Amino acid sequence: MITVKVTGDGGRTALAGISARMNHPAPVMIKIAELLDDRVEENFANSEGPLGKWPDLKRMRKTRGANPQILVDTSRLKNSITTRHGDNTAEVGTNVVYAAIHQFGGGIDMPARSQRAYFRQDRTGSVGRLFVRKAASNFAQWYSRGAHMITIPPRPFLPFAAGKLQDGVEADILHELAGFLLDKPV
């Protein structure tokens, strides 16, 4: 058992201040939510998360930018990140439906299907290997694809995964809390 004896008004005043701040931690929750949001931005910029570097894509889609990044094609997922805070909570997340498959990984069952593929045929009659838009095509072919599974590895962009916080996040949160409780600018 630990016993603490406080003598003097300075100690009592300090403890009363800490107690009052513990009863109303909303201001520090705002700071923690901002901290989590900053970490998510860093994760997208560095293509990494709490499990380390994100696995590369098997094939990189043509993207709008010069340097394609994993999980950043249209920036919809990246721009959907929001924070929320309350009296005792700080949250970061997204409402994009496909975010969960990227955060946790998993499999997608693809049903069997037939569809028409459009290609560009050159003057010699040879057909290119790349698909083109219907409007740019001068050759089309039907093909069928059997049912198959697409496996997506986890690429956690939020600062927590597999039951652990990303390195440094816990220390940053504790630093914010300590500054708040001790009534020091953080």
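Just so we're clear, the structure is a prediction, and the values are computed from it rather than from any experiment.
- Within the 3.5 Å criterion, the main-chain N or O of Thr83 finds no donor-acceptor partner in the side chain of His85.
- Of all heavy-atom pairs between Ile150 and Met110, the closest is CD1-CG, 3.5 Å.
- In terms of heavy-atom proximity, Pro25 sits nearest to Asn88 at CG-OD1, 3.2 Å.
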Pair Ile108-Ile152, side-chain contact (heavy atoms from CB on, under 4.5 Å): steps then yes or no: CA-CA 8 Å; Ile108 301 172; Ile152 298 179; 3.6 Å; yes

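- Taken together through direct or relayed side-chain contacts under 4.5 Å among Ile, Leu, Val, Met, Phe, Trp and Tyr, Val40 and Ile173 form part of one hydrophobic cluster.
- Asp37 CG to Arg84 CZ: the interatomic distance, rounded to the nearest 0.5 Å, is 14.0 Å.
- A distance-only check finds no donor-acceptor pair linking the side chain of Trp142 to the backbone of Ala117 [under 3.5 Å].
- The structure places CG of Leu77 at 6.5 Å from NE2 of His102, a figure rounded to the nearest 0.5 Å.
- Asn46 places no side-chain N or O within donor-acceptor distance of the main-chain N or O of Glu48, the cut-off being under 3.5 Å.
- By the 4.5 Å heavy-atom criterion applied to side chains, Trp54 and Ser47 are counted as neighbours.
- Two different hydrophobic clusters hold Ile30 and Val92 under the rule that ILVMFWY side chains link at heavy-atom gaps under 4.5 Å.
- Across every non-hydrogen atom of Asp109 and Met149, the tightest pair is OD1-CE, 3.0 Å.
- Shown here for Ser114 and Ser144, the closest heavy-atom pair between the two residues is OG-OG, 2.6 Å.
- Between the CG atom in Leu158 and the CD atom in Glu91 there is a gap of 11.5 Å [rounded to 0.5 Å].
- A side-chain donor-acceptor contact under 3.5 Å links Gln121 to the backbone of Gly125.
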Derivation and outcome, side-chain contact (heavy atoms from CB on, under 4.5 Å), residues Phe119 and Gln141: CA-CA 8 Å; Phe119 301 93; Gln141 182 176 1; 4.2 Å; yes

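- Follow the hydrophobic side-chain contacts under 4.5 Å out from Val96 and you reach Phe44 in the same cluster.
- Aromatic ring orientation, Tyr143 versus Phe131: parallel (interplanar angle below 30°, classes split at 30° and 60°).
- Residue Ile32 holds its CD1 atom at 11.5 Å from NE2 of His175, rounded to the nearest 0.5 Å.
- Ala90 approaches Ala33 most closely through the heavy-atom pair CB-N, 3.8 Å.
- More than 12 heavy-atom neighbours from other residues, nucleotides or ligands sit within 6.0 angstrom of CZ on Arg120.
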Test side-chain hydrogen bond (donor to acceptor under 3.5 Å, both in side chains) applied to Ser75 and Asn79, step by step: CA-CA 6 Å; Ser75 295; Asn79 293 335; 4.6 Å; no

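- A pairwise comparison of heavy atoms in Ala161 and Gln103 identifies CB-NE2, 4.1 Å as the closest pair.
- Ion pairing of Glu176 with Lys31 is absent here, as no side-chain N (NZ or NE/NH1/NH2) approaches a carboxylate O to less than 4.0 Å.
- With a 6.0 Å radius and a threshold of 12 heavy atoms from other residues, nucleotides or ligands, Glu170 has its CD atom at or below the threshold.
- Linking ILVMFWY side-chain heavy atoms closer than 4.5 Å, directly or via other members, places Tyr98 and Ile81 in a single hydrophobic cluster.
- Interatomic distance, Arg155 CZ to Ile101 CD1, rounded to the nearest 0.5 Å: 10.5 Å.
- Residue Met22 is grouped with residue Val28 when hydrophobic side chains (ILVMFWY) are merged at heavy-atom distances under 4.5 angstrom, including chains of intermediate members.
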Intermediate values then yes/no, ring pair (Phe, Tyr, Trp, His ring centres under 6.0 Å), Phe139 and Tyr118: CA-CA 6 Å; Phe139 179 81; Tyr118 298 94; 9.8 Å; no

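- Interatomic distance, Asp172 CG to Leu177 CG, rounded to the nearest 0.5 Å: 11.0 Å.
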